[in-house]
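Report on the following structure.
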Amino acid sequence: QVQLVESGGGLVQAGGSLRLSCAASRGTFSTWTMGWFRQAAGKEREIVAAITWNFKDTYYADSVKGRFAISRDRAKNTLYLQMNSLKPEDTAVYYCAADRVPTITSIIDGGVDYWGKGTLVTVSS
């Protein structure tokens with residue numbers, strides 16, 4: 001069973017930056033599509049960004065384009081989300097996700113096989 005462990009969340013002022021990390025505790029996800037989702041209080045979970053195993057395709061939600069950057073280190077089995085110019089509306093629990101289907105469209109449509117437990121990001125105004 002693959003476990004995904006997020007880290008890097010915390011409290012930051014608006015305009016600040018954070019980098020989230022997601023490490024696979026077992027096995028390897030070198031050929032999987034990986035992504036970040038978030039869920040704000042009272043709202044549904046939404047996809048933030050995704051990246052295919054070969055770095056060929058990436059996806060960003062419109063709300064984070066130009067501010068967030070997703071990357072992965074296949075050798076370290078680690079996924080990252082660099083978040084810049086943070087806004088109060090970015091406040092949410094951020095979840096790492098893994099999809100064994102190697103196409104970007106699958107994870108965008110919610111095709112997630114494994115979830116992390118989430119890390120809280122709070123952006124103060």
Side-chain angles (χ1 to χ4, degrees):
Q1 181 73 16
V2 172
Q3 291 183 328
L4 304 177
V5 181
E6 303 98 335
S7 61
L11 174 64
V12 64
Q13 289 188 333
S17 299
L18 282 175
R19 189 175 83 153
L20 305 183
S21 299
C22 170
S25 61
R26 292 182 61 186
T28 178
F29 52 59
S30 62
T31 60
W32 298 355
T33 302
M34 301 294 296
W36 290 96
F37 288 70
R38 69 185 181 186
Q39 186 168 20
K43 295 186 177 181
E44 293 186 352
R45 190 175 299 188
E46 62 177 0
I47 187 168
V48 175
I51 186 169
T52 52
W53 68 276
N54 57 2
F55 313 103
K56 181 180 179 181
D57 295 309
T58 56
Y59 168 85
Y60 293 95
D62 288 342
S63 58
V64 305
K65 281 181 182 177
R67 301 188 297 121
F68 290 12
I70 189 170
S71 61
R72 63 191 294 176
D73 186 327
R74 290 171 58 186
K76 295 182 178 180
N77 279 351
T78 303
L79 178 73
Y80 303 99
L81 185 68
Q82 178 66 43
M83 304 185 296
N84 300 324
S85 302
L86 283 161
K87 304 176 181 180
E89 51 263 43
D90 294 319
T91 295
V93 177
Y94 284 71
Y95 296 91
C96 176
D99 181 2
R100 288 175 290 186
V101 178
T103 61
I104 201 78
T105 53
S106 176
I107 199 169
I108 294 171
D109 292 338
V112 175
D113 293 296
Y114 299 101
W115 291 99
K117 293 184 177 181
T119 184
L120 177 62
V121 172
T122 304
V123 184
S124 63
S125 57

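In this chain, numbering begins with 1 at the start of the sequence shown.
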Can you name the residues that form a side-chain hydrogen bond (donor to acceptor under 3.5 Å, both in side chains) with [X], not counting sequence neighbours?
{"X": "Thr119", "result": "none"}
{"X": "Ser106", "result": "Asp99"}
{"X": "Gln82", "result": "Asn84"}
{"X": "Asp109", "result": "none"}

Does the side chain of Met83 come within less than 4.5 Å of Leu20's, by heavy atoms?
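Yes, their side chains come closer than 4.5 Å.
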Quick check: do Ile104 and Thr58 have side-chain heavy atoms less than 4.5 Å from each other?
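Side-chain contact under 4.5 Å: no.
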Residue pairs passing the ring pair (Phe, Tyr, Trp, His ring centres under 6.0 Å) test where at least one lies in residues 97-123, sequence neighbours excluded
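Pairs touching residues 97-123 that pass the test: Trp32-Tyr114, Phe37-Trp115.
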Test: ring pair (Phe, Tyr, Trp, His ring centres under 6.0 Å). Region: residues 72-111. Which pairs qualify, not counting sequence neighbours?
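Qualifying pairs: none.
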Side chain to side chain donor-acceptor pair (under 3.5 Å) partners of residues 60-69, not counting sequence neighbours, each pair once
Arg38-Ser63, Asp62-Lys65, Arg67-Asp90
Pairs flagged by salt bridge (Lys or Arg N to Asp or Glu O under 4.0 Å) wherever residues 9-22 is involved - sequence neighbours left out
none
With sequence neighbours left out, what residues match Asp113 under salt bridge (charged side-chain N to carboxylate O under 4.0 Å, His left out)?
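By the salt bridge (charged side-chain N to carboxylate O under 4.0 Å, His left out) rule, Asp113 matches Arg100.
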If I compare all heavy atoms of [X] with all of [Y], which pair ends up nearest, and what's the gap?
{"X": "Val48", "Y": "Val64", "answer": "O-CG2, 3.6 Å"}
{"X": "Leu120", "Y": "Ala92", "answer": "CD1-O, 3.6 Å"}
{"X": "Leu4", "Y": "Cys22", "answer": "CB-SG, 3.8 Å"}

Report the residues that fulfil side-chain contact (heavy atoms from CB on, under 4.5 Å) with Lys56, sequence neighbours left out, ordered by chain and then residue number.
Thr52, Asn54
Identify, with sequence neighbours excluded, every residue that meets side-chain contact (heavy atoms from CB on, under 4.5 Å) alongside Thr105.
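Listed in chain order: Thr103.
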When Ile, Leu, Val, Met, Phe, Trp and Tyr are grouped by side-chain heavy atoms lying under 4.5 Å apart, directly or through other members, which residues fall in the same group as Trp53?
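Listed partners: none, Trp53 stands alone.
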